[in-house]
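Notes for the one structure printed next.
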Number of protein chains: 2
Amino acid sequence: MTVTLSDVAARARVSPATVSRVLNGNYPVAASTRERVLKAVEELDYVLNGPASSLAAATSDLVGVLVNDIADPFFGIMASAAQSAIGEGASGRAGGEKLAVVCNTGGSPERELTYLTLLQRQRAAAVILMGGSLEDPAHLAATAAKLSRMAEAGTRVVLCGRPPVPGDAHTAALVFDNRAGGRRLTRHLLGLGHTRIGYVAGPADRTTTRHRLEGHREALAAAGVAEGPTVHGLYDRASGHAAVAELLARDPGLTAIVAANDTVALGVCAALRERGLSIPGDLSVAGFDDLPFSVDAVPALTTVRLPLHDSGVRAGRLAMGTEEAPAGGTEPVPGELVVRDSTAAPRG
Amino acid sequence: MTVTLSDVAARARVSPATVSRVLNGNYPVAASTRERVLKAVEELDYVLNGPASSLAAATSDLVGVLVNDIADPFFGIMASAAQSAIGEGASGRAGGEKLAVVCNTGGSPERELTYLTLLQRQRAAAVILMGGSLEDPAHLAATAAKLSRMAEAGTRVVLCGRPPVPGDAHTAALVFDNRAGGRRLTRHLLGLGHTRIGYVAGPADRTTTRHRLEGHREALAAAGVAEGPTVHGLYDRASGHAAVAELLARDPGLTAIVAANDTVALGVCAALRERGLSIPGDLSVAGFDDLPFSVDAVPALTTVRLPLHDSGVRAGRLAMGTEEAPAGGTEPVPGELVVRDSTAAPRG
DNA sequence: TCTACGGCAGAAAGCGCTTTCTATCGTCGC
DNA sequence: GCGACGATAGAAAGCGCTTTCTGCCGTAGA
């Protein structure tokens, strides 16, 4: 039925061992023999049995990329970048060829753990966890435990956009400086003269949410400005849309609204428009991430640009072992303030 | 080092066979024995060796989802839906537990084939190909050959948004009626009174591109209206942006522009705005897909809504074997015309 | 009481590959 | 011209699991 290594060996008149060596290319094989084997492979249309190979070699060529929401371009861009970095890693002859697969956790801790177990089962070569994590201590501990077991078993673990696990030396981490980004954004608004700023935050129990919010508060505190109303929601348009009513109810005098990310900001803009309020005339709005559509929003969104693509590529390289983890701790990747048309000095 | 089945067996004082049976749950095991085994599994923190298991059982729990561009919400939404349908399929005790992984081909035929081979290596349980395909005959043949080999080997193959391979009975296919959608959209424009309509198409060699464009032409032909200028580009914002100059150069009297999809339409709108043209005052613009941001564009985009989420879910179910493929050929999934503010009657 | 049978558990044979260890051959140095 | 060594190829022992084939034991039917 299926063609096996021995079939190829028989046809090439060599031993299975030789075929294996030709395919893996880590042992000297005479050029003539190699050609004969390759020809047989070709003729038989042979495909290596992955499980058998992984079993015997105790490793696999799978790299798992875990993301919170694959439908969100924030993750899509990073995952895409990582995946191409990993795919290209297959530079040399053989061996480097890895299969990067992305797994969608939907932000659910259980699914995150399930995927990790599944990846562990498969003896994945590496795992990349993208995006902020839940701050529930139980979940954190469970994840950390699982990751360190995997690391022990030889799986490379890379964190991208998620705080490093304290004390885990096995893990490479790339973290975004969400706090500084939040600070910078709010400082910009303060600089324009805003003093009544509403905030639409993400889910309360996520690191990303907390850090951005903390940055916002730090900027406020530094300027001696009182904190405005804050509403928590999901990282989606609907949350932004819904938050506006609440924010305005809590402080009708708001002159600016900061959103947890660009998608939320879009929802905020929509709601504002529906109320007949102009942006930035009546209220300024700012987002975070600088997703591709943000420049096309009307008005174009002021936001904080995160190097999503670059970070994805770096995460991919770290996972491949092509690039070494920055020694001596990871300094966070900064975000860049991008000022566009959705923010302006408050009226009057 | 690593805990194996035998370790568990030893601790539970049963044979490895029994442990395997408990874990797979497809053979009668006395309740007391089962509990003993489960307890040992727990205590030893045992994780099944996937490769070994796949090797012995000649199947794996991997489901591959191939997409053209994971950073594009069009694919993100479908992939996400498919993945959750597959994840939930793990309803019953054991066995149903599948790992859905998404693979980003970047629209490259080679990478598509590479991923397929890798998935074939892993003896994937199923493969879902999402989105239109390249129309190159060589590639089509290669893909079809590979898919049918995989199908023979027991991998379920599902096509979602891609035309079925003629004569391949193994393959379930879900196709979007891009042609009808294109027709409907252009008819809408014609109905408003437009007769000089530009078209920004996707890459020329993709099925999706061709079908949408054909629908457009059919509508034009049916109304006896001459075809306007057409420009091909990628399915991204930049292409839409760049196309405007060319379109307007070819016919400065254009009153409407139809874009290959919403992302392209956004680029078109941006370029128009930069030229000081108002939408829909000076020109109407229409997109395709109805991605989440389209409703928030200003003006909100007229477009054709495709049931991305539903289709993804169905594709996932088909891959799981939970849902049977529609017998007697697949009738295409229709798109729904969504009229919003970016289209209006041409001026004067 | 004896036989038959159903319900469980174990033994053991692989699944298809990798990899150590061993064997062979040709060639080089003296 | 002889022993040794480098370069290749083969034999065979697993990797950790699944599953068929047996076997045991207890109960039910006669």
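Below, each value reflects all heavy atoms present in this structure, side chains not excepted, and no hydrogens, waters or symmetry copies. Sequence lines set the chain letters: A, B, ... in the order given, protein chains first and strands last, and positions in each chain run from 1. Note that the structure is a prediction, hence the values are computed from the model and not measured.
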Between [X] ([atom1]) and [N] ([atom2]), how many Å, whole number?
X      : N      : atom1 : atom2 : value
A:L48  : C:dG16 : CG    : P     : 12 Å
A:N24  : C:dT18 : CG    : C1'   : 8 Å
A:Q120 : D:dG16 : CD    : C1'   : 15 Å
B:D61  : D:dT18 : CG    : P     : 11 Å

Flag side-chain contact, heavy atom, 4.5 Å: B:Q83 against B:V102
yes
For A:S53, report the nucleic acid contact type (base, sugar-phosphate, nothing); a contact means any heavy atom under 4.0 Å.
sugar-phosphate
Counting distance only, does the side-chain N/O of B:R123 pair as donor-acceptor with the main-chain N or O of B:Q120 below 3.5 Å?
yes
Note: A:A9 and A:P16 closest approach over all heavy atoms is CB-N, 3.6 Å
Nearest non-hydrogen partners of A:A100 and B:Y115, listed with the distance
O-OH, 3.4 Å
When the side chains of residues 126-133 of chain A are checked against the rest of the protein, which donor-acceptor pairs come out under 3.5 Å, sequence neighbours left out?
none

B:S15: side-chain hydrogen bond (donor to acceptor under 3.5 Å, both in side chains) partners, not counting sequence neighbours:
B:T18
Nucleotide-resolved protein contact map, nucleotides 4-15 of chain D, B/S/- at heavy-atom distance under 4.0 Å:
----BBBB--BB
